[in-house]
There are 2 protein chains.
Amino acid sequence: MARAARARQDRQRSAAPRATGGRVTIHDVAQAANVSIGTVSRALNGRGGVHPETRRRVLATATELAYDPDRAARELSNRRSVAVALSVAHGYPRLTPFFVLFLQRFSDHLADSGLRVQDVPTGSDGLPERDADAFVLLGAHPDDPRIAHAERLGRPFVLVGHHPGVRCVAPDDEAGGRLAAEHLLRLGHESLLHVSAMPHSQAYADRARGFDEAVRAALQRSSALAVADDGTPLSGYRALRAHLEAGSCPTGIFAASDELASGCMTAAADLGVRVPSDVSIVGFDDLPEVGTRLTTIRQDIDALARETVTLLREALQGERIRSLRLPVSLVSRGTTAERR
Amino acid sequence: MARAARARQDRQRSAAPRATGGRVTIHDVAQAANVSIGTVSRALNGRGGVHPETRRRVLATATELAYDPDRAARELSNRRSVAVALSVAHGYPRLTPFFVLFLQRFSDHLADSGLRVQDVPTGSDGLPERDADAFVLLGAHPDDPRIAHAERLGRPFVLVGHHPGVRCVAPDDEAGGRLAAEHLLRLGHESLLHVSAMPHSQAYADRARGFDEAVRAALQRSSALAVADDGTPLSGYRALRAHLEAGSCPTGIFAASDELASGCMTAAADLGVRVPSDVSIVGFDDLPEVGTRLTTIRQDIDALARETVTLLREALQGERIRSLRLPVSLVSRGTTAERR
DNA sequence: CCCACTTCCGTAAACGCTTACGAAGCTGAT
DNA sequence: ATCAGCTTCGTAAGCGTTTACGGAAGTGGG
């Protein structure tokens, strides 16, 4: 042990570069900033008891050395070991591309913050499992039984979606709907159609409300509505196709998700309706897969995941309930044009 | 140190249950099996120098206590730190449900085996990144540029798919195709259709070959073919719909994937064709999402992921190239019936 | 009967991090 | 000048695992 201590000491004091296989460790940062590893850790994790000047110096050298804390070590040390269970909303039997993206970000942020996911039953549709320490509920429709259930369980949880009175984080769906309407209206479109999978989620409902309010404000009437079975491209395709075959011919379409939008574009193509010259289409999400061409409402998935983790930690520490709405923005690409 | 050593000793000797927050550690197993933690580790990891009888006892107590090695600790200790990059095949711009499932399993097995994924650019379509230590290529079509590229790079890689001369693992697609054909033929169907997204992957080509050979052997002629744009349900829908609207009416359909099959089922429904009374449909993959109703060719995704990790480790250790074909089986459910 | 060799196993260091504890330095009140 | 109390920081233990090293049996040959 005396030997070990000396070795560690040596390593800390020695000016020679460490031989840890290239990895920059907390020791390197400590050495470079002329402090101890304890101080580095405290500075980096925002713990108290560090002189502001010291903190600044540590942070600076850390970024300079491109220090990236080792996750395994952090997890092992933290032993925060919260088993986070993810549950996909009822009515979302499938794992949407959106959720896949979210999940990636989410587990990154979770690991970064020293927490660990023990169990990620992504496919599970039903109510959250008993043996988890915390829950993340993905999506919610207004009377989601999982919410009452999670509350009854008394375990910390956060909802990715929107529901009054619970800790939740969601994009500003209503504002997004409004943005879409205003964009279409500004381009001169008055024959409007909203394609949505409405009953399934609060998000869809909010998007519809924002869209509808803006439309009513401008035109004193509502737009038409085509309801898709679920949120898949195929459901969007069938919804629009059926609508067009029934004889109506909108010039502006707001699809409640990029997936629906992609189905709509295919349907339009199959029926000889050209985008954007015959009809303009606005999506929602800004998924990278379809996104390169589509005019859409962009939401920041990474921020969504990050804030989910923040709220989750707050929940774990029993802090006051707080909810977040994340801003969205319209990105105008090739599928909208002025009405001819 | 004397203090620490004694503490550890105490913990090891003491009969009292450990207070590690419920987690069963290697110490618990050691204590229960009356050996040291070193021996437990060696026994569990198949290292040499353990008496068979001792090994047996350790293994027994480990399973009895439901010992589950801590990943973080294992990673930290192992420090094998291989940066594995995943690359999705050209022509598969999207992350299919199949790959999502695969990915989950894959990273589990990777972590279990002490390796660590540093970078998983799942969405990346192009050629593998320069800074990875190893690659996993997902899917391949016959002239996949990524294969030549990976070989040129000289870094270990394994292909999930099939290609001569490289380390690869794949389900027995050809046998699967044959199974589907034989099933349909056995039910008396002779007016057959194959729905596929053929040019995109070797897997689809192999499935088609197996199917076609069995069909030719029985009927002395090929089945009809409907080509879908990609592998999505929507593409399957459009392919079948177009085919049926063109006037042909098959009684047995083999869709090259469950996703295609699900689109086919919707198309049939939309056109008033009943499954399975009017037409029988066989899928491929056995995805849990669509799988509860669909007659399909089952492949073992977990095994696929496990073997991928095995081959990856072999590649990392420079062992001889070896390829695997995993068995598939037909599971008969509600979408096939005897020809009326 | 002893020694070399092998087989089996226990000990403790190491992986990179967090954090409890305590030491050192400073402030201001006495 | 002294001391309590605060702030700031260094030290080292500990998270659960793997593995190098060496010790203790057991085996066989001289």
Side-chain angles (χ1 to χ4, degrees), chain A residues 1-9 11-13 18-21 23-31 33-55 57-58 67-81 111-114 116, chain B residues 1-9 11-13 18-21 23-31 33-55 57-58 67-81 111-114 116:
Chain A
M1 154 19 129
R3 211 167 60 235
R6 222 179 312 120
R8 201 180 317 166
Q9 202 96 343
R11 199 169 48 189
Q12 235 176 104
R13 299 278 175 256
R18 299 194 39 239
T20 326
R23 182 165 194 98
V24 179
T25 74
I26 200 172
H27 290 279
D28 302 311
V29 179
Q31 184 182 323
N34 234 331
V35 291
S36 75
I37 58 166
T39 303
V40 174
S41 176
R42 277 184 294 257
L44 258 42
N45 295 342
R47 296 272 173 286
V50 182
H51 192 92
E53 162 58 20
T54 311
R55 180 186 302 273
R57 186 156 37 97
V58 169
Y67 170 62
D68 177 34
D70 185 277
R71 282 185 192 177
R74 188 172 261 196
E75 278 187 23
L76 183 57
S77 174
N78 269 345
R79 224 27 20 177
R80 283 197 232 273
S81 192
D112 281 349
S113 81
R116 61 187 348 214
Chain B
M1 158 7 139
R3 213 168 57 237
R6 220 178 314 119
R8 201 179 318 164
Q9 203 96 344
R11 199 170 46 191
Q12 235 176 105
R13 298 280 175 256
R18 300 194 39 238
T20 326
R23 181 162 195 98
V24 178
T25 73
I26 200 172
H27 291 278
D28 302 311
V29 179
Q31 183 182 324
N34 234 328
V35 291
S36 74
I37 59 165
T39 303
V40 174
S41 177
R42 276 184 295 258
L44 259 42
N45 296 342
R47 296 271 173 288
V50 181
H51 192 92
E53 162 57 19
T54 311
R55 180 187 302 273
R57 186 158 37 100
V58 169
Y67 169 62
D68 176 34
D70 185 276
R71 282 186 193 175
R74 188 172 261 195
E75 279 187 22
L76 183 57
S77 177
N78 270 345
R79 223 33 14 182
R80 284 197 232 274
S81 191
D112 281 348
S113 81
R116 57 185 354 209

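All chains are named by letter (A, B, ...) in the order of the sequence lines, taking the proteins before the strands, and each is independently numbered beginning at 1. If you're wondering where the values come from, they're calculated on a predicted model, not measured in any experiment.
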- Note on the structure: When rounded to whole Å, the CD to C1' distance for the pair B:Glu75 and C:dC15 reads 11 Å
- Atom CG of A:Asp70 to atom P of D:dG16: distance rounded to whole Å? 17 Å
- Item | Shortest side-chain distance from A:Arg47, nucleotide among D:dG16, C:dC17, C:dT19 | C:dT19
- Out of C:dT18, D:dT17, D:dT18, which has the shortest distance to the side chain of A:Ser77? C:dT18
- Looking at five pairs on each end of the helix from C:dC1-D:dG30 to C:dT30-D:dA1, what is the angle between the two axes, given to 10 degrees? 70°
- What one should report as the nearest heavy-atom pair of B:Ile37 and B:Ile26 is O-CD1, 3.7 Å
- Item | Separation of atom CZ in A:Arg71 from atom C1' in D:dC15, rounded to whole Å | 19 Å
- Query: Hey, does the side chain of B:Asp28 reach the backbone of B:Thr25 with a donor-acceptor pair shorter than 3.5 angstrom?
  - Reply: yes
- Query: How many Å lie between CG on A:Leu76 and C1' on D:dG16, as a whole number?
  - Reply: 5 Å
- Task: Would you check if A:Arg74 and A:Asn45 make a side-chain contact, meaning some heavy-atom pair closer than 4.5 Å?
- Result: yes
- Item | For the student: nearest non-hydrogen atoms of B:Val29 and B:Val58, plus distance | CG1-O, 4.3 Å
- Message: Using every non-hydrogen atom in the two residues, find where B:Ser36 and B:Ala30 come nearest and quote the distance to one decimal.
- Response: C-CB, 3.7 Å
- Task: Check the distance between D:dG14's C1' and B:His27's NE2 and give it to me in whole angstrom.
- Result: 10 Å
- Item | Spacing between A:Asp28 atom CG and C:dG16 atom C1', to the nearest angstrom | 11 Å
- Item | Separation of B:Thr54 OG1 from B:Arg42 CZ (nearest 0.5 Å) | 10.5 Å
- Would you kindly give the CD1-to-P distance between B:Ile37 and C:dT11, to the nearest whole Å? 9 Å
Are any protein N/O atoms closer than 3.5 Å to N/O atoms in nucleotides 6-9 of chain D? If there are, list each pair with its distance.
from, atom 1, to, atom 2, distance (Å)
D:dC9, OP1, A:Thr54, OG1, 2.5
D:dC9, OP2, A:His51, N, 2.6
D:dC9, OP2, A:Thr54, OG1, 3.4

- Query: For the side chain of A:Asp70 and the backbone of A:Ala72, is there at least one donor-acceptor N/O pair under 3.5 Å apart?
  - Reply: yes
- Take atom CZ of B:Arg74 and atom P of D:dC15, then tell me their distance rounded to the nearest Å. 19 Å
- Note on the structure: Looking only at heavy atoms, the pair that brings B:Arg55 and B:Gly46 closest together is NH1-CA, 3.6 Å
- Message: On a heavy-atom basis, which atom in B:Leu44 and which in B:Tyr67 lie closest, and how many Å separate them?
- Response: CD2-CE2, 3.3 Å
